[in-house]
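A short write-up of the structure that comes next.
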Amino acid sequence: MKRLYFLTLCSTVLAACIFFFKKREATTIPTGDGLVIPKEWLAANKGPVTPTKDCRPGDQTFLTYPEWFLVFSPQEQADYFKTHTATSFPFMSHVSQMWEGYRIVNDQIKGNFPVNSGYQWMIRVINSSSTVEYSIKAWYETIVGRITDTGIPLTDEDKFDAAFTSDYADFIRDRPWYEFDFKSQLEKLWSSTSFFGDHFFRKLERKYMLTSELIVKYIYGKIIGMGTKEVYDEALPTTVAIMDNGQMEVLPRYDKFGAAALGLAQKGLNFEEIAGNTSAILISVIVPSNANEDLGKAKIVFTQPVSSAPEKKRVVLAVPVHDLSELLLEFDRKKMKAEHVFDY
């Protein structure tokens with residue numbers, strides 16, 4: 001019997017090593033090595049018209065990409081969970097894309113901007129914690145979730161997972177993830193799903209998995225929230241832009257910035273400064289995987305296949321601030337919706 005226990009332990013450890021350390025193909029395709037956009041696009045604006053309090057470092061348009069990937073990822077999960085269970089979601093592909101994207105955007109700013117130590121440290125922390133979360137989920141779904149998997153969401157718990165993930169993805173487009181009400185979601189899980197029913201073992205296993213996730217995120221979120229308030233000032237919810245007619249516009253920050261920027265472009269206005277910057281600004285767009293669009297003055301930095309929807313890919317590109325309006329109007333003409341404009 002002891003030999004059986006020992007063999008089981010060795011097999012489990014070996015399976016874990018193979019799972020976590022097996023070589024995976026790169027899921028992010030850079031346009032080239034190192035800096036792939038013109039160096040002159042990264043020149044600092046030495047005399048901004050934007051008020052000092054509304055100016056932000058020019059490298060943050062690149063450094064916010066890893067943060068926003070952790071918005072894109074839950075949204076991709078929410079879309080996937082409508083027709084599939086979480087058990088088959090490619091979590092480890094997202095881990096690869098998260099770190100690969102960070103490396104590539106960091107290559108664009110390296111040596112061109114002062115080192116943004118605080119922001120870099122924050123990115124490494126959130127990437128590392130997300131890597132732990134996604135790795136645990138991938139391991140759990142591969143070893144345990146697969147045993148009860150129904151392929152499509154048949155249980156109330158799998159349907160709850162889809163709704164919860166969608167609510168979470170919507171929330172974090174404008175607010176920090178740790179402010180999300182995980183406690184109410186936990187109460188909803190237990191009040192809106194029955195204990196018995198069809199696919200009983202799947203229901204039981206999903207309740208365990210979702211309860212564990214919500215409790216951990218509730219506690220971790222409280223800790224991060226308290227730490228953030230101690231270390232950082234509250235971020236401004238607006239972005240100030242100076243237009244080519246000299247007018248100053250106060251635009252919403254984060255997810256709503258793209259739509260507001262397009263609105264100004266449709267009025268015939270061009271940007272002179274955004275948050276005090278005249279250098280390159282980053283944009284992402286989702287297009288069909290076989291698309292080969294001519295993006296004019298924009299330079300593609302990298303592309304990423306959407307791992308849960310192979311018929312689509314994410315294209316991440318850069319353009320000087322003064323050409324942003326022209327690019328957004330081109331997207332609009334081609335019925336292409338910018339996934340996000342990274343507004344520093």
Side-chain angles (χ1 to χ4, degrees), residues 34-71 98-99 101-128 172-177 227-243 248-258 260-261 270-284 298-299 301-302 316-325 327 338 340-344:
L35 183 64
V36 298
I37 63 177
K39 190 176 179 67
E40 59 267 24
W41 286 12
L42 302 174
N45 182 12
K46 295 182 179 179
V49 177
T50 304
T52 303
K53 67 180 180 63
D54 295 298
C55 290
R56 293 192 282 271
D59 62 346
Q60 286 193 192
T61 187
F62 293 94
L63 290 177
T64 53
Y65 178 79
E67 284 189 277
W68 276 93
F69 183 83
L70 293 173
V71 177
M98 177 172 56
W99 286 106
Y102 171 46
R103 176 182 59 79
I104 295 168
V105 295
N106 201 41
D107 283 344
Q108 309 313 301
I109 62 174
K110 198 182 300 179
N112 295 298
F113 293 95
V115 177
N116 197 335
S117 301
Y119 218 94
Q120 291 276 9
W121 174 250
M122 183 268 292
I123 291 169
R124 291 179 188 128
V125 168
I126 63 173
N127 274 15
S128 296
I172 61 176
R173 289 185 177 279
D174 294 297
R175 300 300 305 163
W177 74 270
T228 300
K229 288 179 181 178
E230 290 294 326
V231 176
Y232 298 104
D233 294 330
E234 187 171 356
L236 289 174
T238 55
T239 294
V240 169
I242 306 298
M243 311 309 294
M248 185 173 75
E249 296 283 349
V250 180
L251 307 179
R253 198 176 177 184
Y254 307 124
D255 188 56
K256 295 182 175 68
F257 177 81
N270 293 298
F271 291 89
E272 289 293 331
E273 293 180 10
I274 297 176
N277 297 291
T278 56
S279 52
I281 187 167
L282 206 67
I283 306 102
S284 66
K299 299 291 183 183
V301 180
F302 62 89
V316 178
L317 46 98
V319 70
V321 161
H322 59 77
D323 290 325
L324 176 61
S325 287
L327 180 64
H340 190 67
V341 181
F342 299 83
D343 63 320
Y344 307 96

>> Once rounded to the nearest 0.5 Å, what's the spacing between atom CZ of F62 and atom OG of S279?
In response: 7.5 Å
> Looking at I172 and W177, what are the two nearest heavy atoms and their distance?
Replying inline: CG2-CA, 3.5 Å
>> To the nearest 0.5 Å, what is the distance between CD1 on I37 and CG on L317?
In response: 10.5 Å
>> Using 30° and 60° as the class boundaries, would you call the ring planes of F342 and H340 parallel, tilted or perpendicular?
In response: perpendicular
> How far apart are the closest heavy atoms of F302 and G101, and which atoms are they?
Replying inline: CZ-CA, 4.1 Å
> Taking the side chain as C-beta and beyond, is there a heavy-atom pair between L324 and I283 under 4.5 Å?
Replying inline: yes
> Do L282 and V105 touch side chain to side chain, with heavy atoms closer than 4.5 Å?
Replying inline: yes
> Hey, which of I274, V240, N45, T239 is the one that makes side-chain contact (heavy atoms from CB on, under 4.5 Å) with T50?
Replying inline: V240
> With side chains defined as the heavy atoms from C-beta onward, is the minimum distance between Y344 and V321 less than 4.5 Å?
Replying inline: yes
>> Within the 4.5 Å heavy-atom criterion, are L35 and N112 side-chain neighbours or not?
In response: yes
>> Just so I know, are the side chains of H322 and N270 near enough to count as touching, which here means a heavy-atom distance under 4.5 Å?
In response: no
> Does the side chain of N106 come under 3.5 Å of the side chain of Q120 through a donor N or O and an acceptor N or O?
Replying inline: yes
>> What's the separation between atom OG1 in T278 and atom CH2 in W41, rounded to the nearest 0.5 Å?
In response: 13.0 Å
> Side chain of Q108, backbone of G34: donor and acceptor closer than 3.5 Å?
Replying inline: yes
> Can you tell if the side chain of R56 reaches within under 4.5 Å of the side chain of D343, non-hydrogen atoms only?
Replying inline: yes
> E67 and Y119: side-chain hydrogen bond (donor to acceptor under 3.5 Å, both in side chains), yes or no, with the steps?
Replying inline: CA-CA 10 Å; E67 284 189 277; Y119 218 94; 2.3 Å; yes
>> How long is the straight-line distance from CD of E273 back to CG of D54, given to the nearest 0.5 Å?
In response: 11.0 Å
>> Go through it in stages, so that I can follow the logic: the residues are N116 and I109, the test is side-chain contact (heavy atoms from CB on, under 4.5 Å), and I'd like the CA-CA distance, side-chain angles, deciding distance and then a yes or no.
In response: CA-CA 10 Å; N116 197 335; I109 62 174; over 6 Å; no
> Could you give the distance from CZ (R124) to CH2 (W99), rounded to the nearest 0.5 Å?
Replying inline: 8.0 Å
